[in-house]
There are 2 protein chains.
Amino acid sequence: MNIYDVSERAGVSIATVSRVLNGNPNVSEKTRSRVMEVMNELGYTPNVFARGLGLNTMRTIGIMCSDSSDPYLANAIYYLERELRANGYDSILCCTGTSLENKRQYFDLLLSKRVDAVILAGSKFIEMEEKDNAYLIDAARDLPIMLVNGFLDAPGIYSTVCDDHSAIYHAAARLIASGRKRILYLYTSRSYSGTNKLQGYKDALRDGGLPIRPELIHQCAKDLHAARSLLLSLAAEGLEFDAVMTSDDSLAVGAVKYAHARNISIPEELAIIGYNNSMLSYCTDPEISSIDTKVEELCITTVKTLMGVFGGGDVPGKTTIAADFIQKQTTNF
Amino acid sequence: MNIYDVSERAGVSIATVSRVLNGNPNVSEKTRSRVMEVMNELGYTPNVFARGLGLNTMRTIGIMCSDSSDPYLANAIYYLERELRANGYDSILCCTGTSLENKRQYFDLLLSKRVDAVILAGSKFIEMEEKDNAYLIDAARDLPIMLVNGFLDAPGIYSTVCDDHSAIYHAAARLIASGRKRILYLYTSRSYSGTNKLQGYKDALRDGGLPIRPELIHQCAKDLHAARSLLLSLAAEGLEFDAVMTSDDSLAVGAVKYAHARNISIPEELAIIGYNNSMLSYCTDPEISSIDTKVEELCITTVKTLMGVFGGGDVPGKTTIAADFIQKQTTNF
DNA sequence: TCCTTGATTGTAAGCGCTTACATTTATTCT
DNA sequence: AGAATAAATGTAAGCGCTTACAATCAAGGA
């Protein structure tokens, strides 16, 4: 079942069939409808390979994410996939893990699949060392690269980011305004967004007239038990704090567990603010105030930007989306 | 950059190049290594379209899941993707939602992409009405269909399922043995696995000498707040229960919240058992005893079976994997 | 040495589609 | 009406690869 069968049955040439397939306007309405009719009759579907060979595009976008089981990324994948499909594109997904080696390898694999663009979901794809991003900058000469919540300034690379800095800044400012003096900050990584968040925290303290104490800033594995343990041992060492802000909800869950373990009342004695407003932040008692980073909007914008790039439009290299603070039960201002 | 460039540079014909590309044994070692060398030199990657056109396979598997943001499915996707890739296959992902209409449409889309097989992740793909599954049975004549945690008995359809019945059965039996008399059962859907779970619950009650009370069996949306509300209103109506079993962790989280709201002690006054042992079950305080359905093993087996099918081996239509009960803090036996 | 055989390599015909260019048909203008 | 122009359709040459079949080569046996 191929284009020849259709052309024969419809009494036209394969070129004409191909034209109606591709929406070419140079086909009379009569012929078009006749051909469509035959296609339906025969249940014809064009062969993607042959099509790809000719057009050298597969209408497929590669999506890379470091870990699809992270609720934040899982959501992002869902929305990206939905938006792409709504625009007539398929997605092929790669879960890369975090090793640079792997990320590169998967990236090449996507390229070899002749995807029309690559979307990197999550901030884990921008490396600290500039040279480690060279492969992206290089590849961006040949096809658009979209960063969801990551930023790299290079032609052909488009970023959609959440305004992490101001999200954390304002949340911290509100904590300070409500009288918190010793705000602990827990972060998972020094990625692009991680750096912004941390800076937001520092700026808020500075503007709020509070000292920036290194002993209140800690890195922690993205794992609730790790966060709980860390807090317990910090407290055991005598560190005092009346609020915890985290770069990820999972750490905030750990903070709630820490408070429960020590019988500390939330939010009276300890305020807690998570990040991403994921399902995790709703699981605990009390439920965790968190920052909604608008994943859906982020993804919609990313895809819209990509379509703009495909359409040859003039498209901004970076789009910033504002986050929302979601007040739940671990804060009281 | 194509096969001709390589063949020219290596001083052989394109057929020979193609042969080394496909691991054809009829190539002398000397030629093979020479060609490989040239490929590396030129950084040659075969064009998937042309290849697909010739081979009529894309080495790509379609994965359908109803909702990638469900932690259980997100995990499944991760493992499936990993295993497929390890076997040299790519995956193209479709998040279908739950409407039959959509599922069918996405399925057709995958077929039109000429995927080599389709994996349906999750039990949401088998419909109650037999006729609604006809499209799967039909399609299975042309390509393998793999069900992860779903079952449909038809040629070309292969199922890997968790032994939900006995998982629930044994968990319930332990509750009963430890003296619980009124075990509430909350379920989300009457899918294949949903039905098995419910049956496991009923069988355990029966074998444990407990009556099966319809007022203790309730359907509930897969949402922790819905579960919490449902329990609160049931309790308000005077229903008594000393244990809650659920078909999904999210409902169990709701049960913990219910207990907190009413100041009921866990597990003394109320035992709770979740299902899937997902991250959610670790978020609450106390952490929820749950059933590990071995997603990873399920996925590994699915892919292994699929490779068996491709290899023409004799492959069982259904493989069952045993679940594990994970004792945490909401049970005390 | 010459033929047979098996191993290796080459030739060329597709695979199903797109598209530049050629051709035919319809339309408009004088 | 007939030429000039525009619209619709057809022809055929790829796109880069696989593979059946043909051709070549090396080695062993008579």
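Per chain, numbering begins at 1; letters A, B, ... match sequence-line order. Source: prediction; values computed, not measured.
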Could you encode protein contacts along nucleotides 5-20 of chain D as a string, one character per nucleotide from 5' to 3', using B for base contact, S for sugar-phosphate-only contact and - for no contact, with a heavy-atom cut-off of under 4.0 Å?
---SBBBB--BBBBBB

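Residue pairs meeting the salt bridge (charged side-chain N to carboxylate O under 4.0 Å, His left out) criterion with at least one member in residues 8-22 of chain A, sequence neighbours excluded, are A:Arg9-A:Glu41. The salt bridge (charged side-chain N to carboxylate O under 4.0 Å, His left out) analysis of residues 53-75 of chain A, with sequence neighbours excluded, yields the pairs A:Asp70-A:Lys222. Applying the salt bridge (charged side-chain N to carboxylate O under 4.0 Å, His left out) test to every pair with at least one member in residues 81-100 of chain B, sequence neighbours left out, gives these pairs: A:Lys113-B:Asp90, B:Glu81-B:Arg85, B:Arg82-B:Glu296, B:Arg85-B:Asp90. Applying the salt bridge (charged side-chain N to carboxylate O under 4.0 Å, His left out) test to pairs two or more places apart or on separate chains, those with a residue in residues 132-154 of chain B are B:Asp138-B:Arg141.
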Taking only nitrogen or oxygen atoms into account, show me every contact under 3.5 Å that the protein makes with nucleotides 25-27 of chain C, one pair per line with its distance.
none

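Using cut-offs of 30° and 60° on the angle between ring planes, the pair B:Tyr192 and B:Phe151 is tilted.
Although no hydrogens or angles enter the test, the distance criterion places no donor-acceptor pair under 3.5 Å between the side chain of A:Asn149 and the main chain of A:Gly122.
Separation of the A:Tyr106 and A:Phe125 ring centroids does not fall under the 6.0 Å cut-off.
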